[in-house]
Amino acid sequence: MAGDLAQRMRLLRDEQLFEIVYSRPEDGIVPEAIDAARSELAVRNISESENYELREQVLEGHQDDASRATRHLSGFAVAVFMVFGLTLVGTFGIFGLFATGRRQMAIDAIYATFVGIALAGALLLVAVLILG
């Protein structure tokens, strides 16, 4: 298995190896793959400046992922989910937000959908009371 893993690492680009070496626990990369990627990078004899540049790119990507996960929906988007949240489009929108790593936006969309349901229910109740 170790030989197979080393063979796979030889096929990867430098950038991909750095992504494995500097992966986060939530990425689910097994320690053996990290060790194999480190070994392959050592064999490639990458210059110090290129090493620094590639490492920084990977770490910036992690920061972008974290930023994307915590960003909130805009006011307009909240209003759209309040109106269309229970429709098929709204449901796919929520799943799409989760799938693209926009966890906080998806949570905001779910809350907006429930607020929309509550407002629609209140409006219906008022209409029933007024119209008798």
What is the minimum heavy-atom distance between [X] and [Y], and which atoms define it?
| X | Y | value |
| --- | --- | --- |
| Ala37 | Ile20 | CB-CG2, 3.7 Å |
| Glu15 | Val58 | O-CG2, 4.5 Å |
| Ala77 | Leu73 | CB-CD2, 3.8 Å |
| Phe18 | Arg55 | CD2-N, 3.9 Å |
| Arg71 | Gln104 | O-CB, 3.4 Å |
| Ser23 | Ile34 | OG-CD1, 3.8 Å |

Which donor-acceptor pairs under 3.5 Å do side chains of residues 78-87 form with protein atoms, sequence neighbours excluded?
residue, atom, partner, partner atom, Å
Thr87, OG1, Phe84, O, 2.6
Thr87, OG1, Gly90, N, 3.2

message: Treating Arg102 as the side-chain partner and Ile94 as the backbone partner, does any N or O pair qualify as donor plus acceptor under 3.5 Å?
response: no

field: Within 6.0 Å of OH in Tyr111, more than 12 heavy atoms from elsewhere
entry: no

query: Do Leu97 and Phe114 share a hydrophobic cluster (ILVMFWY, side-chain heavy atoms under 4.5 Å, transitive)?
result: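 Same hydrophobic cluster.
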
- request: Tell me whether Phe95 is reachable from Ile117 by hopping between hydrophobic residues (I, L, V, M, F, W, Y) whose side-chain heavy atoms are closer than 4.5 Å.
  value: no

Side-chain polar contacts of residues 120-132 - donor-acceptor pairs under 3.5 angstrom, sequence neighbours left out - could you list them?
none

field: Partner residues of Arg38 under the salt bridge (Lys or Arg N to Asp or Glu O under 4.0 Å) criterion, sequence neighbours left out
entry: Asp35

field: Chi angles and distances behind the side chain to side chain contact (heavy atoms under 4.5 Å, CB included) call for Arg44, Leu17
entry: CA-CA 11 Å; Arg44 293 186 186 187; Leu17 292 170; 3.4 Å; yes

Gap separating the [atom1] atom of [X] from the [atom2] atom of [Y], nearest 0.5 angstrom:
| X | Y | atom1 | atom2 | result |
| --- | --- | --- | --- | --- |
| Asp14 | Glu40 | CG | CD | 8.5 Å |
| Asp108 | Arg103 | CG | CZ | 11.0 Å |
| Glu53 | Ile46 | CD | CD1 | 11.0 Å |
| Leu41 | Leu54 | CG | CG | 8.5 Å |
| Gln16 | Arg8 | CD | CZ | 13.5 Å |

